[in-house]
Amino acid sequence: MSNTSGEWSITATKYLPQKNNIAVKNSMKLKNQVTSKSRHLERQLKNKFNASTNLVVRALTGDKSALKLIGQMGNDGAKISEFAPQVREQMLAAIKGTEDLNLVLGDIYKQAGVSGEKIERAVQSAILADTHLANILEEMKLDFASSQNKEALRHQQATDHIKLKAWVDKHMMQVDGEYKMLQTELQTDIRQQTIDLQHDRELGKYYLEMGDNARDDFKPKKQYAGRSIVQKIKDALLGF
């Protein structure tokens, strides 16, 4: 091996089968112009792929151990590349299946715990309800006698209340009737207020659109009868 101007070359020696016990030597000189310019890349080849320039050169010059090593690496790589998609798919499926299995079991166990608790609470609630019903039936028997006496008192009070309510209802009916009459009398005034407000808004918009050409007679307004006329009608119809 020799080094000239920052570059290096290699002399490869190959021993051919001996004839008459004399070794025949075959030499060739190669000039490597890349390695000295690619030290970082060469380091990546060694660190990431477990290979080296020396290994490649040895294989290129017929070194059997280097050729076998690279051949095995190539075979391993080819097998990996061939089976990688399916292996990846199957392993991912296995991992995802394991995830789903445990998630499903976890959800089932969790729901079993929640539902088991609810069932136990329902059983206890039913026992309490049954005990409560038995107690209620017994209490009803004891309460019946007392209830008869209370019923007599309630009936007397209810009778008095009905009489009082009848008087109050009559009085409230009179007040409600007078209120309705007053509302009827005020309907025209209330309606007129609404008409006045609506007419003012419409008239304002009309003035904005027409300016000096606006005419009030183009925007007529409803005029309902005043309460004085309503009172006259009321007097004539109802005799008030």
Side-chain angles (χ1 to χ4, degrees), residues 92-93 95-97 99-133 135-136 139-140 143 146-240:
L92 290 178
I95 293 171
K96 187 61 171 65
E99 173 191 348
D100 292 338
L101 170 64
N102 287 276
L103 287 176
V104 168
L105 290 177
D107 289 341
I108 291 173
Y109 294 154
K110 183 167 60 178
Q111 186 59 49
V114 173
S115 298
E117 177 187 352
K118 291 182 178 180
I119 291 172
E120 185 61 29
R121 289 182 182 276
V123 171
Q124 294 178 359
S125 178
I127 294 173
L128 290 175
D130 185 74
T131 303
H132 179 72
L133 176 60
N135 293 336
I136 287 294
E139 292 165 5
M140 286 176 61
D143 189 59
S146 177
S147 296
Q148 284 183 316
N149 296 330
K150 292 180 180 179
E151 175 58 22
L153 178 61
R154 184 207 64 77
H155 176 67
Q156 182 61 47
Q157 292 177 341
T159 302
D160 294 341
H161 179 263
I162 290 172
K163 293 178 182 179
L164 178 61
K165 186 176 182 301
W167 182 89
V168 171
D169 289 345
K170 180 180 178 181
H171 175 70
M172 291 179 65
M173 186 179 296
Q174 290 175 342
V175 174
D176 289 343
E178 293 174 0
Y179 175 73
K180 289 180 181 179
M181 292 295 296
L182 181 60
Q183 279 189 318
T184 302
E185 292 181 30
L186 293 175
Q187 280 184 357
T188 55
D189 290 345
I190 294 173
R191 179 61 176 166
Q192 189 63 50
Q193 282 184 338
T194 302
I195 292 298
D196 291 345
L197 291 174
Q198 182 178 355
H199 182 264
D200 289 343
R201 287 195 296 268
E202 293 178 355
L203 198 61
K205 293 179 180 179
Y206 175 67
Y207 286 161
L208 289 173
E209 293 178 0
M210 303 304 297
D212 292 339
N213 293 324
R215 291 178 53 181
D216 290 352
D217 56 340
F218 281 3
K219 288 291 180 180
K221 179 174 67 172
K222 293 181 181 179
Q223 294 289 343
Y224 289 92
R227 288 188 61 196
S228 59
I229 298 178
V230 173
Q231 184 62 42
K232 291 179 181 179
I233 296 173
K234 174 180 174 184
D235 294 340
L237 295 178
L238 304 179
F240 287 4

ask   = Are the side chains of Phe218 and Leu203 in touch, meaning some heavy atoms are under 4.5 Å apart?
value = no
request  = Return yes when atom NZ of Lys205 has more than 12 non-hydrogen atoms of other residues, nucleotides or ligands closer than 6.0 Å, and no otherwise.
outcome  = no
note = Separation between OG1 (Thr159) and CZ (Arg154), nearest 0.5 Å, reads 8.0 Å
key: Side chains of Gln183 and Tyr179, donor plus acceptor under 3.5 Å   = yes
request  = Of all the heavy-atom pairs spanning His199 and Lys219, show the shortest one and how long it is.
outcome  = NE2-O, 2.7 Å
ask   = Going through the distances and angles, do Asp100 and Lys96 end up as a salt bridge (Lys or Arg N to Asp or Glu O under 4.0 Å)?
value = CA-CA 6 Å; Asp100 292 338; Lys96 187 61 171 65; 2.7 Å; yes
request  = Report the distance from atom CZ of Arg121 to atom CD1 of Ile119, rounding to the nearest 0.5 Å.
outcome  = 13.0 Å
inquiry  = Working to the nearest 0.5 angstrom, can you tell me the gap between Ile108 CD1 and Leu103 CG?
reply    = 11.0 Å
request  = Decide if atom NE2 of His161 counts as having more than 12 heavy atoms of other residues, nucleotides or ligands within a radius under 6.0 Å.
outcome  = no
Side-chain donor or acceptor of Asn135 paired with backbone N/O of Thr131 under 3.5 Å = yes
query = Looking at CE of Met173 and CG of Asp169, how far apart are the two atoms once the value is rounded to the nearest 0.5 Å?
reply = 7.0 Å
key: Asp217 atom CG: more than 12 heavy-atom contacts under 6.0 Å   = yes
ask   = If you round to the nearest 0.5 Å, how far is CG of Asn213 from OH of Tyr206?
value = 8.0 Å
query = Can you tell if the side chain of Ile136 reaches within under 4.5 Å of the side chain of Met140, non-hydrogen atoms only?
reply = yes
inquiry  = Would you compute the distance between atom CD of Gln148 and atom CG of Leu153 and round it to the nearest 0.5 angstrom?
reply    = 14.0 Å
task = Could you tell me whether the side chains of Asp107 and Gln111 share a donor-acceptor contact shorter than 3.5 Å?
result = no
key: Stepwise side-chain contact (heavy atoms from CB on, under 4.5 Å) test for Arg201 and Leu197   = CA-CA 6 Å; Arg201 287 195 296 268; Leu197 291 174; 4.2 Å; yes
